Protein chains: 2
Amino acid sequence: MAVRAGLTTAKVVDAALELVDEQGVEALTLAAVAARTGVATPSLYKHIGSLGDLRGLIGLRVMEDMTRRFTETVVGRSGDEAVRALMHAYRAYVQEHPKRYAAAPMDPLHDELQRAAGLKFMELILATLRSYGLEGSDAIHATRRLRVIVHGFASIESSGGFGLPEGLGDTYDQLVRMYLDDLRGKS
Amino acid sequence: MAVRAGLTTAKVVDAALELVDEQGVEALTLAAVAARTGVATPSLYKHIGSLGDLRGLIGLRVMEDMTRRFTETVVGRSGDEAVRALMHAYRAYVQEHPKRYAAAPMDPLHDELQRAAGLKFMELILATLRSYGLEGSDAIHATRRLRVIVHGFASIESSGGFGLPEGLGDTYDQLVRMYLDDLRGKS
DNA sequence: CGTAGGTGGCTAATGGCGTTAGCTTTTCAG
DNA sequence: CTGAAAAGCTAACGCCATTAGCCACCTACG
């Protein structure tokens, strides 16, 4: 009689991600996800291996989501315009999902599950910088510098780390300009 | 007969910080702190209000420790030399205590307990930038930019977020130079 | 149309944790 | 020397993750 919930791993991740968006990573609990999906807690184990696994899946999802959006943003652009678009898309994503950002893996390359997604993101940055003709380690350093800036800003902003929200857009514009000036000065 | 442990709040924080340094923030548990201090778990409540409080105290301690060290570093220097010293001291601290950095509060200004320490750190940055003669919001933006860079780099490095450790010092040097070039260009 | 097996759900139970209550013992001020 | 505050303890509760074992549904195959 009673119809089944019809869960899948993807639906569990969906619910978990909603929960994180609404209440933050600390609130991510199997009990809460089970309640949200209308199932008893142990039933989740039919779809995920553990809470740690679920965290990994959420991180993967976020990373893929970000990379997909940023790719759409960057495609068809080049040079400074592409870099500006990428950096602003990064901030916009984190502003839209501030709680979620804390669930994004900072070291995707060291996780078997997330490695492919991490590489894809790295390659997106490299591709965005292509028109600057950077070679070898110069390209790596430039990628790292960009990542430091976007992550540093997003990390602080999403956790309310800037005292006042006033003029944050200006601060970010300055960071983007600083990065581009530096990039041009080296090319 | 049996001699008392003679705990104090400070000693509890000491033990907790050691634990964090050794095993990471996720391992911070009242049970573990109790074991390390040779006391039963509930006894800790004579010295702290809750686990959350202890986390706040640890964050405060780290922030004060950082500010103290950076102040020693910066005192007696000015201009580019001071900024370079501050930024490198920041990285050095996080390299020495990578796990601990995850326990540092990112929004100290919004916590009653940590606010004073957060302000002190902010003022240290402002003082370090003093010789550039920045006024009003320019000083705020410059402070934010510096914070974004040092936190962004330290955060990624301390969590193993850079694929390879190779050339990380070069990347950081480039970031410092980029920041200084930008600062000079604007002054 | 039926039936066997796999799949997805359930309840019960375990162990670790934070926290509270209430008791005992140490310490030390007067 | 004494009494009370301070600092420890044990017991107990509830929440959580996880495991074991059970049952009902769905489906593929006869």
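This one's a predicted model, so the numbers in the text were calculated from it and none came from an experiment. Chain naming here is simple, since letters A, B, ... match the order of the sequence lines and numbering starts at 1 in each.
Listed pair A:His47 / C:dG9 meets the phosphate criterion, a side-chain N or O lying under 4.0 Å from OP1 or OP2. Note on B:Ser43: every side-chain N or O is 4.0 Å or more away from OP1 and OP2 of D:dA7. Distances shown here put every side-chain N or O of B:Thr41 at or beyond 4.0 Å from the OP1 or OP2 atom of C:dT19.
Here C:dG16 presents its C1' atom at 14 Å from CG of B:Leu51, a figure rounded to the nearest Å. To the nearest angstrom, P of C:dG22 lies 17 Å from OH of B:Tyr45. A:Lys46 has its NZ atom 11 Å from the C1' atom of D:dC23, to the nearest Å. With rounding to whole Å, B:Ile48 atom CD1 is found 8 Å from C:dT19 atom P. Regarding A:Leu30, its CG atom lies at a distance of 14 Å from the P atom of C:dC10, rounded to whole Å. Atom P of nucleotide D:dC16 and atom CG of A:Leu44 are separated by 13 Å, given to the nearest angstrom. Per the geometry, CG belonging to A:Leu19 stands 11 Å off P belonging to D:dC16, to the nearest Å. In this structure, the NZ atom of B:Lys11 is 13 Å from the C1' atom of D:dA7, given to the nearest Å.
Both B:Pro42 and A:Ala32 lie near DNA chain D, and the one whose nearest nucleotide falls closer to the 5' end is B:Pro42.
Cation-pi contact between A:Arg69 and A:Tyr93: absent, since separation from the ring centre below 6.0 Å together with deviation from the ring axis within 45° is not met. In this structure, A:Arg144 is positioned above the aromatic face of B:Phe162, its NZ or CZ under 6.0 Å from the six-membered ring centre and within 45° of the axis.
Between A:Glu22 and A:Arg36 there is a salt bridge, since at least one side-chain N of the basic residue sits less than 4.0 Å from a carboxylate O of the acidic one. Under 4.0 Å is where a charged nitrogen must lie from a carboxylate oxygen, and between A:Lys11 and A:Asp14 no such pair does.
Out of D:dT18, C:dG9, C:dC17, the shortest distance to the side chain of B:Thr29 is found at C:dC17. Distances from the side chain of B:Ala31 to the nucleotides C:dG9, D:dA17, C:dG18 place C:dG18 closest.
For B:Glu96, the CD atom counts as densely surrounded, since its 6.0 Å shell holds more than 12 non-hydrogen atoms of other residues, nucleotides or ligands.
Counting any heavy atom pair closer than 4.0 Å across all strands shown, A:Ala40 reaches a base atom. Nucleic acid contact class of B:Ser50 (heavy atoms, under 4.0 Å, all strands): sugar-phosphate only.
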